[in-house]
Amino acid sequence: CMDGTRVDTLERIIEWSEAGASTDTFWVHGTAGSGKSTIASSVCEQLRDKNALAGSFHCKRDIPEQRDPQRILPSLSYTLATKVEPYRELILKAIEDEPDLSTSPLTLQMTTLFVNPFTALREQGYSRPPLLFAIDALDESGDYASREQMAKCLCRIAGLADWLKIFVTSRPLPELSQVFESSHSSSVTSFNLNRVDAEEDIIMYTRSRLEILVESSGLDSKWLDNESVHELARKASGLFVWTNTVMEFVRVQRRRDAA
């Protein structure tokens, strides 16, 4: 996030990730363009700086490798293994026994990569400071059935160790809402981004983008007066992506006009 925006939301997520007695999973959901991925990136950045990020996966529907649900759990497992040595030792043996794990069903991946080794770690009495997995734009992976199954897997994994938490962002698709907001998901914090008043953040973001445009494209400085900034921010209706799209359109048009 741009410095100064989404401060309260980010603080709440970071505080949750560091709290011992709290829910296992934090689900941020909202409409397209509401800033979910930007928040996910900021969360990852802050936790990486604190050495508290166990791993992340950013789904993208237009990139085959990033929309494939079978890549999510192995990717998270790999990064966790680089941070937790006892887990790494267990997982190396598991991979030897299941060499085709990368193309295996999600439930088998979950059991082999997480349920079995975490059970062994618990029996060994293993404990450590909290770590977090971040999965961004889960709605852009797979299909209805695989998204629902992945959501269930993530909730199960989050409950396997008291030192591991899972942060997820997505649009509120029915198959994801059914899992994350079901009566059985009392360990999930559901956070509706569209209910957060982002007016001041949008104004700040709009002003920042306009300042860049005025400087780089030779726009009249009157674009920076409060009336212009607030009018554009109002039209964004809480969607950062709308502001970004408008600014990019103006930038491209100015370049074409100058050609």
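A heavy-atom distance below 4.5 Å is found between the side chains of Cys44 and Arg48. Residues His29 and Glu181 form a side-chain contact, since some pair of their non-hydrogen atoms from C-beta on lies under 4.5 Å apart. For the pair Phe167/Val43, a side-chain contact is recorded, criterion being any heavy-atom separation below 4.5 Å from C-beta on. Using a 4.5 Å cut-off on side-chain heavy atoms (C-beta onward), Pro130 and Asp162 make no contact. Using a 4.5 Å heavy-atom threshold, the side chains of Lys165 and Asp24 count as separate. Within the 4.5 Å cutoff, the side chain of Asn116 has no heavy atoms near those of the Phe118 side chain. Put simply, the side chain of Val179 reaches to within 4.5 Å of the side chain of Cys155, judged on heavy atoms. Here the side chains of Lys83 and Asn51 are in contact, with some heavy-atom distance below 4.5 Å.
Applying the 6.0 Å contact sphere to CD of Glu215 captures no more than 12 heavy atoms from other residues, nucleotides or ligands. Counting heavy atoms of neighbouring residues, nucleotides and ligands inside a 6.0 Å radius, atom CD of Gln124 exceeds 12 of them. Counted within 6.0 Å of OH on Tyr144, heavy atoms from surrounding residues, nucleotides or ligands total more than 12; the atom is thus considered enclosed. The neighbour count for Arg67 CZ, taken as heavy atoms of other residues, nucleotides or ligands under 6.0 Å away, is above 12. Heavy-atom neighbours of Lys152 NZ from other residues, nucleotides or ligands within 6.0 Å: at or below the threshold of 12.
In this structure, Ser42 contributes its side chain and Thr38 its backbone to a donor-acceptor pair below 3.5 Å. Looking at Thr82, its side chain does come within 3.5 Å of a backbone N or O of Thr79 through a donor-acceptor pair.
When the options Leu193, Val28, Ile39, Ile135 are evaluated for a side-chain contact (heavy atoms from CB on, under 4.5 Å) with Thr169, the one that passes is Val28. Each of Ser177, Ser170, Ser190 was compared with Trp27 under the side-chain hydrogen bond (donor to acceptor under 3.5 Å, both in side chains) criterion, and only Ser170 meets it.
Nearest heavy-atom pair across Gln109 and Ser102 is NE2-O, 3.5 Å. Here the closest heavy-atom approach between residue Leu138 and residue Arg147 is recorded as O-CD, 3.6 Å. When every heavy atom of Gln178 is checked against every heavy atom of Ser182, the shortest pair comes out as O-CB, 2.9 Å. Nearest heavy atom pair, residue Lys36 against residue Thr31, reads NZ-O, 2.9 Å. Considering all non-hydrogen atoms of both residues, Thr103 and Gln70 come closest at O-NE2, 3.0 Å. When all heavy atoms of Phe180 and Ala151 are compared, the pair lying nearest together is CZ-CB, 3.8 Å.
Considering only residues two or more places apart in sequence or on other chains, Lys60 meets the salt bridge (Lys or Arg N to Asp or Glu O under 4.0 Å) condition with none of them.
The closest side-chain donor-acceptor pair between Thr23 and Thr189 falls under 3.5 angstrom. If you check the side chains of Asp143 and Ser146, you find a donor sitting under 3.5 Å from an acceptor.
Using the six-membered ring where Trp is involved, Phe114 and Phe133 have ring planes that are perpendicular, over 60° apart on the 30 and 60° scheme.
Taking the six-membered ring for Trp and the full ring otherwise, the centers of Trp16 and Phe191 sit at least 6.0 Å from each other.
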Pairs of donor and acceptor atoms involving the side chains of residues 84-95, under 3.5 Å and at least two apart or interchain, shall be tabulated with distances.
residue : atom : partner : partner atom : Å
Tyr87   : OH   : Ser77   : OG           : 2.7
Tyr87   : OH   : Leu113  : O            : 2.6
Arg88   : NH1  : Ala81   : O            : 2.6
Lys93   : NZ   : Asp97   : OD1          : 3.2
Lys93   : NZ   : Asp97   : OD2          : 2.8

